Structures are given as C-alpha cells and as structure tokens.
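Note that the coordinates shown come from a computational prediction; the quantities given were computed from them, not determined experimentally.
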There are 2 protein chains.
Amino acid sequence: MAQKDKSDVTKEHLLNEAEGLFAQKGYNAVSVREITKAANCNLAAVNYHFGNKQNLYLEVFRARWVPRARLLQEHFRKSLAAQGSPSPTAVAKALAEAFLVGPLSDKERHRHHQLMVRELGQPTEAFELVADQVMRPFFKGLADMLRPVMPEGLGEERLMLNILSIFAMVLYFNFARVAVTRITGYEYDTAFKARLVEHIVEFSLKGLGGAEKEELR
Amino acid sequence: MAQKDKSDVTKEHLLNEAEGLFAQKGYNAVSVREITKAANCNLAAVNYHFGNKQNLYLEVFRARWVPRARLLQEHFRKSLAAQGSPSPTAVAKALAEAFLVGPLSDKERHRHHQLMVRELGQPTEAFELVADQVMRPFFKGLADMLRPVMPEGLGEERLMLNILSIFAMVLYFNFARVAVTRITGYEYDTAFKARLVEHIVEFSLKGLGGAEKEELR
DNA sequence: GTTTGTATCAAACGATCGTTTTAATGTCAA
DNA sequence: TTGACATTAAAACGATCGTTTGATACAAAC
C-alpha cells in the first residue's frame, strides 16, 4: 500500500511537470531527463510508468487536459443556465467567462491553451482524443443551442464558423499573451484581463449578430 | 562568378527548404541533416553559409518572412485605396482579402502563418524582428486609419483589441486548417475559402461595430 | 525469516544531434 | 600555368537524445 502510494505520487509529479514543460516548449524541445529532473525522480521512471515519452504525452491529455476541458464545459453550462434562456448574449458571456476567468488558475489556463494550440497547428494522436471527446461534442452542443436563436436562413456552415471564430479569439488571447504584451505594452494584470473579457464578449456578440436579435425580443 | 552563382543557388535552396520544414515541424523537430538533404546539398553547407542552425532560422525570417509580410501589407494598402475612404467595412474587406486570398499561394500562406503562430506562442529572437519591422508599424497604421471612423469614445486599448481580434481569426483559420477540417468536415477548397473570407469580413465588420451592413452584400 | 513483487536507482546502450575539421574540387586573376 | 580563393565533400567530434539493463531497497505474503 505504501509502495503503491509512492508510485502514484511519482506518476502524478511526472504528469504535472510533463504537462507544464510540453505546454511551454513543445514535445520535441523537452527531454525525458528534463522532465524527470523537474519531477524529482529517476530517468527511467518515465519508461517504467508510461512505457515511453510519447505515451506520457498522450497520458497528459488523457489524465489532465480532457478532465480540465470537461471542467470548463461544466462551468460554462452552469454559467449559462444561471442566465436563463440561451440567447446569443448569454452564450457569448458564458463562453468568455468560462474560458478567460472561469474555474482555472492563470497557470492552468495558459497550459491548457498552449497544448491545444500546439495540437491545432500540428495534430498528433492526442488530437483525436481532444476532437472526439471534447471539441466535436461541445461544438455540436453549442450549435444546437444557438441555431434556434440565430438569424433566419443562417446555414450550418455559417453557424459553425461563428462558433469557431469566438474560439479563435479565446485561444489567441490566451496563448499569445507574451506576444500581445510585447506588441501592445499591455500587461496581463487583473484589470486588463477584465477588459479583455468585456471586449471578447462584445466583439463575439456583435459578430454573432445577436445584439439586434435580442432587442427584437 | 559562376562560383558565386552556385553558392547563391545553394543558399536559396537552403532557405526555401528550411522555411518549409521549420513551419511544418517547428525549430527543434527539424535537423540540419533533414534540411540539407531536402536542399540537395552537403551537411556542412548550413554552417558554412549561415554559421549555425539558429542563424539559418533567423535568416528565414529576414530573407523570406519579412519581405512576404511587406508584400501582404502592400497588397492590403492597394486593395484599401481602391475602395476609396477607409471605412470599417473597407478595412475589414481589404484585410481578409489580403490575408486569406491575396498575392500568396496556398502553400506560402500556410507557411507564413505557421511560422507566425510559432513565434507568437513562444517568441524567440525572430519575434523581435517581426514585431519591430512588421507588426507594430502595421497595427499602428491600422489604428490611425480606424480611429477617426470608429464610434466615439472608443479608447486606444479597445481599438487595439479590435484589430488583434480580427488577426486572431485570420491566423486561426490559416494555421489550424487541418484541425478545422478534422472537426467540421469542411475541406479547404476554393468554395469553402471564399465563404470563409465572406464570414471573416462579416464577423469582423460586425465586431468592429461598423454600421454599413448594406455595403457587404 | 524467507520469498515475492514493486519501485527506484546508477549505468550504459546505440542513435542522432549540431558543429568542426580536413581534404578535394572548381574558378578566376596573375 | 600557377597560386589564391571560394565552395563542396566526407568523416569525425563531443554532447545529448530515448530507451534498456541489472542491481538494490523495501513493504507485504507466506
């Protein structure tokens, strides 16, 4: 039992440190030695507990990324339910709030979106996991939610492009924060992040064309 | 003279192949051997002509990326000038057209945005180049252009966030095309790309708060 | 107390990395 | 034709990579 506990602790540390390093530097730029050193364990631990480096990477998604994504989606659903009927305004607000403030710490959120963007730009086996278990169901749910409240005659394709565009902004402002700061001079402090959420909600809402729609109701 | 020509040919090949591979796989996942093999030259050529691998990477940005970015900006300026006064509509149209259709081939555009996203997520020395010589001046120009025609009382920060949001979409739909196809099922054929431009123009325009919707269709 | 099985450890494996060295090749000026 | 120079070529450098091995520590089972 005590042995089992120790083993679990090592695995947890490995997953944590691996996720951070993979997110920060990318798969190829991180060595197994670097991970095991950060996790305070022996070099062979990765191969002992996970088989090989690539499987550790996949396990990071299985054991860390996907559960966190589910947490985000749960937070979104509750936030949306609290606002009553799912108008475009409510959806945009709940989305931005969940993904830019939400239940995650700053570090967690940064990690999460860095890993996502890496898989978006260069899909590996982990992308299948993310697409099947997280993205497709979530986007489908969003589409079902928005379809009845969007302008008439808006096709399925256009609906999906609207949803993807909101995510483009959310992803961008999360993963490119260093660059955004270097370009604009704005630091990602609490005040700026608040204005950022405000902006994304407003921009998304207008983009969805939901402002007039809501006024009509 | 004939020697000089041969040397130039080798350098050009190296820059071309290096850019393609760096864009596709990222700096660390590409080996010097892989590059020189693709460029049909000797392994030592990289160190002879560029000093080392990192300097080849930087030279890719100096000799390829930045000039292409200037080409895009020039295309944007001409496209905008052809539409008369720089209304939000005209700016959104010219931006989407330049960056999603524009003067570049599909492969070039893909490369261009892949390299950009890599630097955005994990800035290296090349980012300074890109930020100083391309991004900051271009964003400043856009801001100067849009400021007089945007709604009253819109602060500088909000103006910049609007511009960044448009670029977020442009970047996203360019670099995440594999993922977008895998998620939505839509192939990036000519018809889809046309609808994509249409969508981004419309979404951006609404997001900017541009009123002139009738100009769109 | 001995055996069994799990987890960790140091050490080494072969492969590949970026880079350097040294020799060969080709070209132009003198 | 010869010497100087620029480019290419093959081979090797030391370092680091992911992975494997065999020994060791230690708690639980008998």
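- Atom OG of residue S105(A) and atom NE2 of residue H112(A) lie 12.0 Å apart, to the nearest 0.5 angstrom.
- A donor-acceptor pair shorter than 3.5 Å cannot be found between the side chains of H110(B) and Q24(B).
- In this structure, the CZ atom of F50(A) is 11 Å from the P atom of dT8(C), given to the nearest Å.
- Taking the six-membered ring where tryptophan is involved, the planes of F22(B) and Y27(B) are essentially parallel, since the angle between them stays under 30° and well short of 60°.
- Using a 30° and 60° split on the angle between ring planes, Y172(B) and F175(B) fall in the perpendicular class, above 60°.
- A heavy-atom distance below 4.0 Å to DNA chain D is reached by these residues of residues 35-45 of chain A, ordered by number: L43(A), A44(A).
- A salt bridge links D106(B) to R109(B): at least one charged side-chain nitrogen sits closer than 4.0 Å to a carboxylate oxygen.
- Among the nucleotides dG18(D), dT8(C), dA6(D), the one closest to any side-chain atom of K53(A) is dG18(D).
- Checked against side chain to side chain donor-acceptor pair (under 3.5 Å), Q73(B) has no partners two or more places apart in sequence or in another chain.
- Residue Y48(B) contributes atom OH, which lies 17 Å from atom P of dA10(D) at whole-angstrom precision.
- Atom CG of N28(A) and atom C1' of dA15(C) are 16 Å apart (whole Å).
- In this entry the distance linking CG of N52(A) with P of dT21(D) reads 14 Å, nearest Å.
- For R33(A), the side-chain atoms get nearest to dT19(D) when compared with the rest of dT19(D), dT8(D), dG18(C).
- To the nearest angstrom, P of dA7(C) lies 16 Å from NE2 of H13(A).
- F99(B) pairs by the ring-ring contact (aromatic ring centres under 6.0 Å, His included) definition with F167(B), not counting sequence neighbours.
- Atom OH in Y27(B) sits about 13 Å away from atom P in dC17(C), given to the nearest Å.
- Between H49(B) and dA6(D), a side-chain N or O to OP1/OP2 separation shorter than 4.0 Å is absent.
- Comparing dT19(D), dA7(C), dC17(C) by their nearest atom to the side chain of N47(A) picks out dT19(D).
- OP1 or OP2 of dT8(C) has at least one side-chain nitrogen or oxygen of T10(A) nearer than 4.0 Å.
- Rounded to whole angstrom, the span from the CD atom of E34(A) across to the P atom of dC17(C) amounts to 18 Å.
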